[in-house]
Amino acid sequence: MPIKVRFPPSPTGLLHVGSARTALYNWLFARHTGGTLVLRFEDTDRARSTDEAIEQALRVLEWLGIDWDEGPTRQSERMDVYRETAERLISEGKAYRCYCTPAELDEERTRRQKAGEPVIYSGRCRRLTAVERDAFEAEGRPSAVRLHVDPAGETVIEDVVRGTVRWENALLGDHIILRSDGTPTYQFANPVDDIADGITHVVRGEDLLSSTPRQLAAYRALGAPEPVFAHLPMILGPDKKKLSKRHGAVSVEEFRDRGYLPSAMRNYLALIGWSFDDKTTVMTTPELIERFSLERVNTSPGVFDPAKLEWLNGEHLRMLTPEEYVRELQSYLERVGSPLAQHPERVAEVAPIVQEKLRELAQFESFAGFLFGPVTYEDEAVRRVVDDPDAPRAVESAKASLEALPEWTAAAIEEALRAACHETGLKPRVLFFPLRVAISGRTVAPGLFESLELLGRDESLARIDALGRKFTLEG
RNA sequence: GCCCCCAUCGGCUAGCGGCCUAGGCCUCCGCCCUUUCAAGGCGGCAACACGGGUUCGAAUCCCGUUGGGGGUACCA
């Protein structure tokens, strides 16, 4: 039987890395097996669902390169289906109307809680006589619809990642499938759609494991074949708590905006809860698709580690061809509205000398901005030069050799500067450091010789002069 | 309270009874690359939660404890 999976986010907030990982696993599984992926928005909670959230989710999926084969559908457009299905269940005696008020339900809950009993619905309204029911209706009492869950026996699943998991049916209670306003609950809309869509594998977060028996009760009531379940371990914040907005950088778009590559994000996300073997870390997306399997998903929750993502992004940045790198960099600069985006030719010239160092494209502006316009000096960098007794000599000698240079290329510059080292007896690190600060204003920058070449002779010498004046003034 | 899940270095993980004096990656710390450095190379610190079993033999299997997580909604 062909495999069919789905990713059904509820558009009630930002799609964070946890949901993105779930989407990714479904996608990898579908692509690996040649199956089908369905995208569905579960927006039955009208109060909390927003169009903005849907648009955001779509943007994230597009950026991540996760495409789908069917949908996106919206549950809010299928309200009549859920209602009709619930009605049918009522007429078949598998569901019933419940007239209990929130206050009554609340009271029952606290009473059971105190008594140390499982907190489930008593099933009181299931036993209502026709007369009692008519009375409630006449009274105009609102009613919800509950699914009658047979308390006998147990519900057992063979979870692909967790193995056998079982629940006593007596501990389930009759849950609500249709609210009193006529809208379906997740416990109902979700299985109804999964059945309608012919979903064969339900791959989702572990937070949904406990709700599985309730959904399976719906499958049974509807006489549908059960899907295979795979509950993925949760992704936790650094405090080992469930991921939330409180944890800062967990919104996928935030990483996109800092210049992360989708391929790096996919690689990193794939590695929380899954591994290929004991050695492989860096993987391209085709490799991920080729190697992914639900059987190798592990059971324990994982902490989201931005540091490793950052490292991995550097790896993926370096895997790009020079041409690809320029394209990524230029489009990144445009997307974030960087002024440097105005100079695509310059970006193309500079890109090769930063590719080996950057971990995030967002670092580009501070790392290479000095090649686009005037320098701004970091206090720290200037101070270190001013405090260096050898600096004046270094600058003077370097300046002399550079001025005499017939040809302004990185190779010639390197040769001249190394000769200057030899003449002055200064170590390269000592002689080069003030030059780096002079042209870039920073202690951390791309390669010195390449930077000088790109900057041009006049500008380079002007900056070296400017720094020289700085320490005749301050030193 | 009740139900379910989980438990290897600071983090991600490998390990599915002997190959483990526990391997890889990130982080951190050193050293090297007669150029800073966030790049590269080399090296180092660092873990089987605890207690009982089972077994010739347990990180691996079973039970319990502890700890963490999730659910227990007319949220998803």
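The figures that follow rest on heavy atoms only: side chains count, while hydrogens, waters and symmetry mates do not. Convention: sequence-line order gives letters A, B, ...; per-chain numbering from 1.
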Kindly indicate whether the side chain of A/Thr185 and the base of B/C74 share any N or O donor-acceptor pair separated by less than 3.5 Å? no
Which one is paired to [N], where only Watson-Crick or G-U wobble pairs with both distances under 3.5 angstrom count?
N     : result
B/U60 : none
B/G43 : B/C29
B/C19 : none
B/U65 : B/A49

From the options B/C74, B/C5, B/U35, select the nucleotide whose nearest atom is closest to the side chain of A/Arg436. B/U35
The nucleotide from B/A76, B/C12, B/G1 with an atom nearest the side chain of A/Ser211 is B/A76
Could you check which residues of residues 150-161 of chain A get a heavy atom under 4.0 Å from RNA chain B? Sort them by number, please.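 By residue number: none to list.
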Close residues, residues 294-301 of chain A, relative to RNA chain B [heavy-atom separation under 4.0 Å]: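 Close to the strand are A/Arg296, A/Asn298, A/Thr299, A/Ser300, A/Pro301.
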Short N-O contact, [X] and [Y], less than 4.0 angstrom:
X        : Y        : answer
A/Arg393 : A/Asp390 : yes
A/Asp197 : A/Arg6   : no
A/Arg133 : A/Glu137 : no
A/Glu380 : A/Arg384 : yes

Tell me, which pairs form a salt bridge (charged side-chain N to carboxylate O under 4.0 Å, His left out) where one or both residues lie in residues 146-156 of chain A, sequence neighbours left out?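 For residues 146-156 of chain A, and leaving out neighbouring residues, the salt bridge (charged side-chain N to carboxylate O under 4.0 Å, His left out) pairs sorted by first residue read A/Glu154-A/Arg166.
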Whole-Å distance between [N] [atom2] and [X] [atom1]?
X        : N     : atom1 : atom2 : answer
A/Trp167 : B/C2  : CH2   : C1'   : 15 Å
A/Asp207 : B/G68 : CG    : C1'   : 16 Å
A/Leu426 : B/U35 : CG    : P     : 12 Å
A/Leu271 : B/C25 : CG    : P     : 13 Å
A/Met234 : B/C4  : CE    : C1'   : 13 Å
A/Tyr96  : B/C74 : OH    : C1'   : 13 Å
A/Ile439 : B/U35 : CD1   : C1'   : 12 Å

At 4.0 Å (heavy atoms only), tell me whether [X] reaches a base, stays on the sugar-phosphate, or touches nothing.
X        : value
A/Lys427 : nothing
A/Thr44  : sugar-phosphate
A/Val119 : base
A/Arg214 : sugar-phosphate
A/Glu168 : nothing
A/Arg429 : sugar-phosphate
A/Leu208 : base
A/Ile272 : sugar-phosphate
A/Glu42  : sugar-phosphate
A/Gly205 : nothing

Which value, in whole Å, describes the distance between the C1' atoms of nucleotides B/A14 and B/G23? 7 Å
Mind checking the P distance from B/U54 to B/A47? Whole angstroms is fine.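 Comparing P positions in B/U54 and B/A47 gives a spacing of 29 Å.
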Quick check: A/Tyr377 with A/Phe370 (ring centres under 6.0 Å apart)? no
Does the ring centre of A/Phe432 sit less than 6.0 Å away from the ring centre of A/Phe449?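 Ring-ring flag for A/Phe449/A/Phe432: true, centres closer than 6.0 Å.
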Can you find a side-chain donor-acceptor pair between A/Tyr268 and A/Asp305 that sits under 3.5 Å? no
Side-chain donor-acceptor contact under 3.5 Å, A/Thr212 with A/Arg204: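 The answer is yes; a qualifying pair exists.
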Pairs touching residues 412-422 of chain A that satisfy side chain to side chain donor-acceptor pair (under 3.5 Å), sequence neighbours left out: A/Glu414-A/Arg418
Does the protein touch nucleotides 38-46 of chain B at the base, only the backbone, or not at all? Give it as B, S and - per nucleotide, heavy atoms under 4.0 Å. BSS------
Going 5' to 3' along nucleotides 59-66 of chain B, which nucleotides have protein heavy atoms under 4.0 Å from the base (write B), which only from the sugar-phosphate (write S), and which from neither (write -)? --------
OP1 or OP2 of [N] less than 4.0 angstrom from a side-chain nitrogen or oxygen of [X], does that happen here?
X        : N     : answer
A/Ser210 : B/C3  : no
A/Arg109 : B/C2  : no
A/Thr281 : B/C26 : no

For the residue pair A/Arg97 and A/Tyr99, would you count it as a cation-pi contact if the rule is NZ or CZ under 6.0 angstrom from the ring centre and within 45 degrees of the ring axis?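 Because its charged atom misses either the 6.0 Å distance or the 45° angle limit, A/Arg97 does not stack over A/Tyr99.
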Can you see which heavy atom on A/Ala53 is nearest to which on A/Pro11, and at what distance? CB-O, 3.3 Å
Parallel, tilted or perpendicular: which one describes the rings of A/Phe276 and A/Trp274, with boundaries at 30° and 60°?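 Correct class here is tilted.
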